[in-house]
Amino acid sequence: MSAAPVQSAGVVVGRAEEAARMVASRKRWDRFFMIGGAVLSFLCIAVLAVLVADLVRDAWPRLEWGFLTRDQSNDAEQAGIKTAILGTGLVMLVTAVTAIPLGIAAGIYLEEYAKKNWFTTIIEINIANLAGVPSIIWGLMALGLLVYGLKTGQSILTAGLTLGLLVLPIVIVATRESIRSIPQGIREASFACGASRLQTVRYHILPYSMSGVLTGCIIAMSRAIGETAPLVTIGALAYITSVPAVPFSEKAWPLEAVATRAVQVDAPIETGASGGVMQFRIELPDETPGAKKHAVVKATRDVTIPAGASAAQVGEAIEATPDLTARLDSTGLLRVENEQFGGIVLGKDTSGVAAALAMKQEGGRHGPLDWLSSSFTVLPIQVFDWVSRPQQNFQINAAAAGVVLVMVTLVMNGVAIFLRVRLRKRLQW
Amino acid sequence: MAEPIAQPASAPQASGVSTPVRARIDRRSVPISERVIEFGLFLAGASGVLVTVLIVGTLVYEAVGYFREVPILDFLTGTSWGPQFVPASHGVLPLIAGTLVTTLVALLVAVPVGTIVALWLSEYAPTKLRESVKPVLELLSAVPTVVFGYFALLFVIPILQTMFGWVGYELGGFNMLGAGLVMGIMIVPYVASLSEDAMRAVPKSLREGAYAMGATKFQTCVQVVFPAALSGITAAYILAVSRALGETMIVVVAAGGQPNFTMDPLQQAQTLTAYIASVAKGDLPVGSIGYRAIFAVGLTLLVMTLFFNVGGHWLRQRYKEAY
């Protein structure tokens, strides 16, 4: 009888101790997680810092003004990113012209005009899904539809349109979110004053949502600047020595200097003393194992084609050159091929070659929009091309171009974040 | 934009007290110019649908041409990939294996780290700190992926090589582990940012209930906030998966250039995306089997992404809790 209470007291004491231990352990876990979470969060930020620092350290020998203003070159130390910066600028121009008006218009439609019906639902689901489509798929779409379907070629126009459509969902979502934060009362007040829906949008909705839309556009453009995969897929070339066709400037050589993985064509060297001889040089790389892509030049082949040559004559001239064959591919492009290294596209077509030769002699001028069909290179393509080369020297270049690219995107995102934070503070409806 | 519609006579009237959403307008009173602009806006809205149709159409069109020559069963079950070689082999499994391995490595980094960072930001971090840490974290996701590729190849993999050297393993200069790790780091901000939004949307009363029962912050995190936000967190994970599946530049730079049917992350291998990027450089002859193969691979990737998205949507619906 007397043993029971003693025992239960013992149990109570035991339980209290156990509870205290439990609380202590829980608190330990709590503290552990608090510190662990903080460490992990700052580790992530540290990764960003390490990434930038590593890039800058690797790039150090190239970080000078000349790197930005020099032309492309096969010599790493002489190579610069002038054409890449120009290409990025022009491609972004096309992207902005495509994505921004279309995105804002779509956002306005969905928020202000769309009725609640099945089609609107489809559009909404669709935009949400588009944002999740891998970027390389956009490249495939552009390759099949634009490059070969509409024959826009591997041009600034193709690249700009592709990236423009790719970032379209970002602009649409940003526009919608920004418009949705405008209170209903604003619209009602505008209607009450007799404004039409369009006037309401034009004088109230659009101005009030402008900073949110702007933030979205900046984010979209910074995403487009760094996007590489779709451009690789459509065949953007890293080795571009000429700047895109400047409006109203004298027409450059019509044959595009196109380089592919294996073979590089320098732009036609000269028009020739006789005033119409076309010459170009094809460099055949040395194919030693392990250095397959960008190895040293082993041999060159010079092809000379007389002015006004017919398609057959151009073909003959190329066929007469050792190791080279010529053919028209299914898209009507003249391809010069080498058994070992594959083919390169030379010009639009053989008759075009002849016609363009004549044009050169006449001194034609570029139209205002000719640059759209120029071939191009952009910063991320340049980084990709250089980083895939085995030589140490080119990897320095890759790092340097990477520094420029990262700086541009970080600054753009920084501005966007700043705008967003300021906006949240200022706009209290 | 000119405003020819400003005359009061033609201005439409909002009839009666408008509902909170839309004012009802008699269509006939809307001037023609305004209706034209309205139609233009509609076209812009519908452009997204058009783009989807174009994407799917292009992929399916070329892929159908491919599958006319290659039986679809061989494509899906073959273990060797090399449509451009002689003799050609058309089994996509090596590319799928590469994609799954790199994705898995990336998720093993991004999911735990992202979730912990999100919990910490939402539950532990002081407001001021959170307001400054989160934007900086988001900057990490703004770095172009090709730069991450550089980082993987020339910074992370050499470190891994040294570390594996200590245990006597010779790690190759290209491997899926390094590429996957960096991909994971790249995805952390997405997971953290979206999960944190979901966690912050959990009502305060739930936390207060937990605290009232004597729970610690950690217990509240794990047993209350996390389950309550699970729907949103799942959405974040799904986004992470589709990002990892579709990521191209990191794997094409750092994971290697040969298809390799293996599940070993220490090996080099090619993913679906890397194959497309390394082969499609604009010099494949149109209509050739190699050209069509990249569209078949692209379609495979799109279907995989779609599968995870639909699955994720279903999961989200299951865990959805309304408060």
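Below, read A as the first sequence line, B as the second, and so on, with proteins coming before strands; counting in each chain starts at 1. Values in this document were obtained by computation on a predicted structure and should not be read as measured data.
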Participant: Pair up each side-chain donor or acceptor in residues 23-30 of chain A with any protein partner under 3.5 Å, not counting sequence neighbours, and list the distances.
Facilitator:
{"from": "A:Asp30", "atom 1": "OD1", "to": "B:Tyr124", "atom 2": "OH", "distance (Å)": "2.6"}
{"from": "A:Asp30", "atom 1": "OD1", "to": "B:Phe218", "atom 2": "N", "distance (Å)": "2.7"}

Participant: Give me the atom names and distance for the closest heavy-atom approach of B:Gly48 to A:Leu130.
Facilitator: O-CD1, 3.7 Å

Participant: CG of B:Leu154 to CG of A:Asp54: how many Å apart, nearest 0.5 Å?
Facilitator: 8.0 Å

Participant: Which members of residues 292-300 of chain B, sorted by number, sit under 4.5 angstrom from chain A on a heavy-atom basis?
Facilitator: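 Under the 4.5 Å heavy-atom cut-off, B:Ile294, B:Phe295, B:Gly298 qualify.
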
Participant: Decide yes or no for B:Val143 and B:Phe151: does some side-chain heavy atom of the first lie under 4.5 Å from some side-chain heavy atom of the second?
Facilitator: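 When only atoms from C-beta onward are counted, B:Phe151 and B:Val143 do not touch, as no gap falls below 4.5 Å.
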
Participant: Output the distance between atom CG (A:Leu198) and atom CG (B:Leu41), rounded to the nearest 0.5 Å.
Facilitator: 7.5 Å

Participant: Looking only at heavy atoms and a cut-off of under 4.5 Å, which of A:Ile225, A:Ile108, A:Ile104, A:Val50 has the most pairs with chain B?
Facilitator: A:Val50

Participant: Under 4.5 Å, counting heavy-atom pairs only, tell me which of A:Glu124, A:Arg31, A:Gln395 racks up the most with chain B.
Facilitator: A:Gln395

Participant: Can you give me the closest heavy-atom contact between B:Val49 and A:Ile123, atom names plus distance?
Facilitator: CG2-CG1, 3.8 Å

Participant: May I ask you to name which of B:Phe42, B:Tyr291, B:Phe148, B:Phe155 has the most heavy-atom pairs under 4.5 Å with chain A?
Facilitator: B:Phe42

Participant: Which pair of non-hydrogen atoms, one from B:Pro144 and one from A:Thr409, has the smallest distance, and what is that distance?
Facilitator: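 Closest pair (atom of B:Pro144, atom of A:Thr409, distance): CD-OG1, 3.6 Å.
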
Participant: Using a 4.5 angstrom heavy-atom cutoff, name the option from A:Pro230, A:Ala399, A:Gly185 with the most pairs to chain B.
Facilitator: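 That would be A:Ala399.
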
Participant: Under a 4.5 Å heavy-atom cutoff, which of A:Pro134, A:Ala398, A:Gly414 has the most pairs with chain B?
Facilitator: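 Among A:Pro134, A:Ala398, A:Gly414, the one with the most close pairs to chain B is A:Pro134.
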
Participant: Using a 4.5 Å cut-off on heavy atoms from C-beta on, say whether the side chain of A:Ser135 contacts that of A:Leu166.
Facilitator: yes

Participant: Need one label for B:Leu140: side chain, backbone, both or neither, based on atoms under 4.5 Å from any heavy atom in chain A.
Facilitator: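 Both the backbone and the side chain of B:Leu140 come within 4.5 Å of chain A.
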
Participant: Got a second to check how far B:Met186's CE is from B:Arg243's CZ, nearest 0.5 Å?
Facilitator: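 Reported to 0.5 Å precision, the distance equals 5.5 Å.
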
Participant: Taking CZ in B:Phe39 as the centre, count heavy atoms belonging to other residues, nucleotides or ligands within less than 6.0 Å. Is the count above 12?
Facilitator: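 Not buried by this count: 12 neighbours or fewer within 6.0 Å.
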
Participant: By a 4.5 Å heavy-atom criterion (distance strictly below it), what part of A:Trp386 contacts chain B: side chain, backbone, both, or neither?
Facilitator: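 Contact with chain B is absent: no heavy atom of A:Trp386 under 4.5 Å.
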
Participant: Using non-hydrogen atoms and a 4.5 Å limit, figure out which bit of B:Ala46 sits close to chain A: side chain, backbone, both or neither.
Facilitator: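 Backbone plus side chain of B:Ala46, per the 4.5 Å heavy-atom cut-off to chain A.
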
Participant: What residue, out of A:Ile137, A:Leu102, A:Asn129, has the most heavy-atom pairs lying under 4.5 Å from chain B?
Facilitator: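 Highest number of heavy-atom pairs under 4.5 Å: A:Ile137.
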
Participant: Has A:Phe119 got more than 12 heavy atoms of other residues, nucleotides or ligands less than 6.0 Å from its CZ?
Facilitator: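 Above 12, so yes.
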
Participant: Would you mind checking which part of B:Val188 comes under 4.5 Å of any heavy atom in chain A, side chain (CB onward), backbone (N, CA, C, O), both or neither?
Facilitator: side chain

Participant: Hey, which of A:Val201, A:Ile172, A:Ile219, A:Leu145 has the most heavy atom pairs under 4.5 Å with chain B?
Facilitator: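 When all of A:Val201, A:Ile172, A:Ile219, A:Leu145 are compared, A:Leu145 has the most.
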
Participant: Answer yes or no: is there a side-chain heavy-atom contact under 4.5 Å between B:Tyr150 and A:Leu51?
Facilitator: no

Participant: Need one label for B:Thr273: side chain, backbone, both or neither, based on atoms under 4.5 Å from any heavy atom in chain A.
Facilitator: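 Answer is both: backbone and side chain atoms of B:Thr273 are under 4.5 Å from chain A.
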
Participant: Looking at B:Leu301, B:Ile185, B:Val252, which has the largest count of heavy-atom pairs under 4.5 Å with chain A?
Facilitator: B:Leu301

Participant: So, do A:Ser190 and A:Tyr203 sit near enough that their side-chain heavy atoms are less than 4.5 Å apart?
Facilitator: no

Participant: Who passes side chain to side chain donor-acceptor pair (under 3.5 Å) against B:Glu138, sequence neighbours left out?
Facilitator: A:Arg420, B:Ser193

Participant: In terms of heavy-atom proximity below 4.5 Å to chain A, should B:Leu306 be classed as side chain, backbone, both, or neither?
Facilitator: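 It is neither, since no heavy atom gets under 4.5 Å.
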
Participant: Can you say whether B:Leu59 sits under 4.5 Å from chain A via the side chain, the backbone, both, or neither, judging by heavy atoms?
Facilitator: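 For B:Leu59, the side chain is the part near chain A, not the backbone.
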
Participant: Could you tell me which portion of A:Leu140 (side chain, backbone, both or neither) has an atom closer than 4.5 angstrom to a non-hydrogen atom of chain B?
Facilitator: both

Participant: Quick check on B:Tyr61 against chain A: is it the side chain, the backbone, both or neither that has a heavy atom closer than 4.5 Å?
Facilitator: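 The answer is neither part of B:Tyr61.
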
Participant: Considering only heavy atoms, which portion of A:Ala142 lies under 4.5 Å from any heavy atom of chain B: side chain, backbone, both, or neither?
Facilitator: neither

Participant: Can you sort out the partners of B:Tyr275 under ring pair (Phe, Tyr, Trp, His ring centres under 6.0 Å), two or more places apart, ordered by chain and number?
Facilitator: B:Trp81

Participant: Which atoms of B:Glu62 are under 4.5 Å from chain A, going by heavy atoms: the side chain, the backbone, both sets, or neither?
Facilitator: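 Contact with chain A: none, neither part.
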
Participant: Are any non-hydrogen side-chain atoms of A:Leu40 and B:Trp120 less than 4.5 angstrom apart?
Facilitator: no

Participant: Let me know if B:Ile116 has heavy atoms under 4.5 Å from chain A in its side chain, its backbone, both or neither.
Facilitator: both

